[in-house]
Amino acid sequence: SGQAGKSKPQTGVVLREGSEVSRDARSGGVLAEILLGKTSDPTPVLASFSSPWSLAKGGLFDVECRDASTGDGAFLTVAGPAKRQAVTDLPKNFFIENLFRPTGRFSFYGVPTDIKVKKSYSEGAYRYLEISFSNLSQSTNAEIPRNAIVAATIPEGTDDVVMLVGSATANRWRKGSDESVRKAVSSFRATLAPKTSLKIRAKESRSEI
């Protein structure tokens, strides 16, 4: 009921027409084929990660896995352009401004506060950020501290930053949820897919990003 009348969060994710987000129930492997770049000449990319949480269903979600009872989960988001910068060279504000914008996934009930980048590091073609913040709980109308880990990469031949964002409340994080989030985020990969004749099914308008 708290979602009634709410606008769908803008994640920048555009699924390739005819494709569906899938998750293997046994291995937890999630696979989605998304499109990056110009709508007139899109670049197909395969995004994958391992998740202990089920796929989130419904019109409010693009590529997301979550535990509805705890709020633990991970979602895919796309930002850009990176203006030809390497993902390792992008300033921290690039990620903060995209992840916590008013139309973003974490701003469903209000823009998060107390945002802090606690750690930033790179491993190969992937950038990782550990972030703490507080966001509004719809059920209690109170600010709830939350921790997140972001894995980001710019697939070859594109100028878009593809990110997997895993998070849990600070309380659950201290009790061990951080292990599940870290495992999911560390498994994230985004690589070029075979390019064929493409049509776009815009899960959200690129012009709104």
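Numbers here are sequence positions counted from 1. Since the structure is predicted, the reported quantities are computational estimates derived from the model, not experimental observations.
In terms of heavy atoms, Ala82 sits closest to Leu90 at O-CD2, 4.0 Å. Nearest heavy-atom pair, Gly12 versus Val78, reported as atom, atom and distance to 0.1 Å: O-CB, 3.6 Å. Across Leu15 and Leu35, no two heavy atoms sit closer than the pair O-CD1, 4.3 Å. Closest non-hydrogen pair, Phe188 versus Ala47, comes out as CE1-CB, 4.4 Å. Ser167 and Arg146 make their closest contact through OG-NE, 3.0 Å (heavy atoms, listed as atom of the first residue, atom of the second, distance). Closest approach of Thr158 and Ile154 over heavy atoms only: O-CG2, 3.4 Å.
Note on Val45: it clusters hydrophobically with Val30, by side-chain heavy-atom contacts below 4.5 Å among ILVMFWY residues. The hydrophobic clustering, which links ILVMFWY residues whose side-chain heavy atoms are closer than 4.5 Å, places Phe49 and Leu192 together. When hydrophobic clusters are built by joining Ile, Leu, Val, Met, Phe, Trp and Tyr residues whose side-chain heavy atoms come closer than 4.5 Å, directly or via intermediates, Val162 is grouped together with Val21. Under the 4.5 Å side-chain heavy-atom criterion for ILVMFWY residues, a single connected hydrophobic cluster contains both Met163 and Phe100. Clustering ILVMFWY residues whenever any of their side-chain heavy atoms sit less than 4.5 angstrom apart, transitively, puts Val185 in the very cluster that holds Trp173.
Of the possible polar contacts, none joining the Asn147 side chain to the Ser132 backbone as a donor-acceptor pair under 3.5 Å is found. When atom types are taken as modelled, the side chain of Arg23 and the backbone of Trp53 share a donor-acceptor pair closer than 3.5 angstrom. With hydrogens and angles disregarded, a donor-acceptor distance shorter than 3.5 Å links the side chain of Ser107 to the backbone of Arg101. The backbone N or O of Gly80 lies less than 3.5 Å from no partner atom in the side chain of Asp160, so there is not a single donor-acceptor pair.
By the 6.0 Å contact criterion, CD on Glu156 is open, its count of non-hydrogen atoms from other residues, nucleotides or ligands being 12 or less.
With contacts defined as side-chain heavy-atom distances shorter than 4.5 Å, the pair Leu76/Asp62 does not qualify. Taking 4.5 Å as the limit, every side-chain heavy atom of Phe94 sits out of range of all side-chain heavy atoms of Val87. Within the 4.5 Å cutoff, the side chain of Leu36 has heavy atoms near those of the Pro155 side chain. Put simply, the side chain of Ser180 does not reach to within 4.5 Å of the side chain of Asp72, judged on heavy atoms. A heavy-atom distance below 4.5 Å is found between the side chains of Val161 and Phe95.
Only one option out of Ile131, Leu129, Thr11, Val150 pairs with Val165 in a side-chain contact (heavy atoms from CB on, under 4.5 Å); it is Val150.
Ring orientation note: the planes of Phe106 and Phe75 are nearly perpendicular, at an angle over 60° on the 30°/60° scale.
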For residues 111-125, tabulate all N or O donor-acceptor pairs below 3.5 Å that involve a side-chain atom, not counting sequence neighbours.
residue : atom : partner : partner atom : Å
Thr113  : OG1  : Glu143  : OE1          : 3.4
Ser120  : OG   : Arg127  : NE           : 3.0
Ser120  : OG   : Arg127  : NH2          : 3.3

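Taking the ring pair (Phe, Tyr, Trp, His ring centres under 6.0 Å) definition, one finds that Tyr126 meets it with nothing, sequence neighbours left out.
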